[in-house]
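See below for the structure under consideration.
Every chain is numbered from 1 and lettered A, B, ... according to where its sequence line falls, protein lines coming before strand lines. Computed over heavy atoms, backbone and side chain alike; hydrogens, waters and symmetry mates excluded.
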Amino acid sequence: MHKRRLGRTNIEISPVVFGGNVFGWTADEQTSFALLDRFVGAGFNAIDTADVYSAWVDGNKGGESEIIIGNWLKRAGVPREDVVIITKVGSEMGPGKKGLKEDWIMEAVEDSLRRLQTDYLDVYLAHWPDPDTDYDETIGAFTRLREQGKVRAIGASNLDAGQLAEALRVAEHTGRARYDVLQPEYNLYDRSGFEGALAELCVEHDIGVITYFSLASGFLTGKYKSAGDAEGQARGGMSRNTSMSAAHAFLQPLKPLRQKQANTPRQSRLHG
Amino acid sequence: MTRRGVTAPIASASRPEQMDTLLRAPDIELSQEALQRLQEAGE
């Protein structure tokens, strides 16, 4: 399979990254193992998760997705270097356990490494901007982790163009590691958060971009034909910006394309 | 997957039978017309 270089890092990833937020949520451990076996068996290599996945499920506390991935790595016997693991820090993992201050990052990374049963992360992302912490402190902590060999590349999720530009400026000014990876929300239906200034900034600085909600939590697959279809579905409530009527109106003109291409909606939307 | 600046999208599945379409996505070649139609749909 043809891999893609992730920005200016020396990490190469498959053209689709598996979203691990389903592990411990809509996929139990055995199903998750089967999904990962299929994914890696087909030549794909990149798996996205976060420390907080899937804390929103009743009875979960966060870390479930990382634990399943770690158990799978151990069970499957896949060479560690054959898999690219992307995880995140910053979402609340308990009282006082959130944000991007150095103390918490240094503690959280150890928790993630333990759950994932590995001694390094390929990509470590700041999950959300932290208004209470300077980029200097966060980037300083990430730089230490890189120097310690615990993290290969660093980046951030959910930054706008101004925030990313400031983070890059701080890294350059201080001589510390810069964010080489960005994870924005982006899909065919909801483009505004990435296209334009943010996309151009990433191109200019050769920043690897991995998009999330690429299928708008399933709405762009066409599996929800009506509001009733989404009710009771675990992921039906995940799409924050996609109303049922708007999604239906969006998908309707694409039906002829789907028939002509004989592809499923999922495949076409990932290309768009 | 073809958008300027995007390295790769995240996609997921909750059941093994959903994996076929996900795994085949990189092999799909869309025509210029198809890409244009997708582009216009999102504008």
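- For Ser14(A), the part lying near chain B is the backbone, with the side chain staying farther off; criterion is any non-hydrogen pair under 4.5 Å.
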Exercise for the section: Would you please test Phe213(A) and Ile10(B) for side chain to side chain contact (heavy atoms under 4.5 Å, CB included) and show each step? Expected result: CA-CA 7 Å; Phe213(A) 279 164; Ile10(B) 295 170; over 6 Å; no
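- Of all heavy-atom pairs spanning Val6(B) and Arg4(A), the tightest one is O-NH1, 4.4 Å.
- When every heavy atom of Ser14(B) is checked against every heavy atom of Thr31(A), the shortest pair comes out as O-CG2, 3.3 Å.
- Other residues, nucleotides and ligands contribute only 12 or fewer heavy atoms inside 6.0 Å of the CD atom of Gln32(B).
- Val22(A) and Ala13(B) make their closest contact through CG2-O, 3.5 Å (heavy atoms, listed as atom of the first residue, atom of the second, distance).
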Practice task
Start with the C-alpha distance between Asn21(A) and Ser12(B), add both sets of side-chain angles, then the distance that settles side chain to side chain contact (heavy atoms under 4.5 Å, CB included), and finish with yes or no.
Solution key: CA-CA 8 Å; Asn21(A) 64 341; Ser12(B) 197; 4.3 Å; yes
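- The two residues Phe44(A) and Leu22(B) have their closest heavy-atom pair at CZ-O, 4.4 Å.
- For the pair Tyr212(A) and Pro9(B), the minimum side-chain heavy-atom distance is 4.5 Å or more.
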Exercise for the section: Please step through side chain to side chain contact (heavy atoms under 4.5 Å, CB included) for the pair Arg15(B) and Thr26(A), ending with a clear verdict. Expected result: CA-CA 9 Å; Arg15(B) 299 191 301 276; Thr26(A) 54; over 6 Å; no
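- Atom CE of residue Met19(B) and atom CG of residue Asp37(A) lie 9.5 Å apart, to the nearest 0.5 angstrom.
- Thr7(B) approaches Gly208(A) most closely through the heavy-atom pair OG1-CA, 3.5 Å.
- In this structure, the side chains of Phe194(A) and Arg3(B) stay at 4.5 Å or more apart for every pair of heavy atoms.
- Heavy-atom minimum distance, Ala8(B) versus Pro15(A): CB-O, 3.5 Å.
- Here the CZ-CD distance, from Arg38(A) to Gln18(B), works out to 11.5 Å after rounding to the nearest 0.5 Å.
- With chain B as the partner, the residue from Ile86(A), Val203(A), Val181(A), Leu35(A) showing the most heavy-atom pairs under 4.5 Å is Leu35(A).
- In summary, Arg4(B) and Glu200(A) engage in a salt bridge, as defined by a charged side-chain N under 4.0 Å from a carboxylate O.
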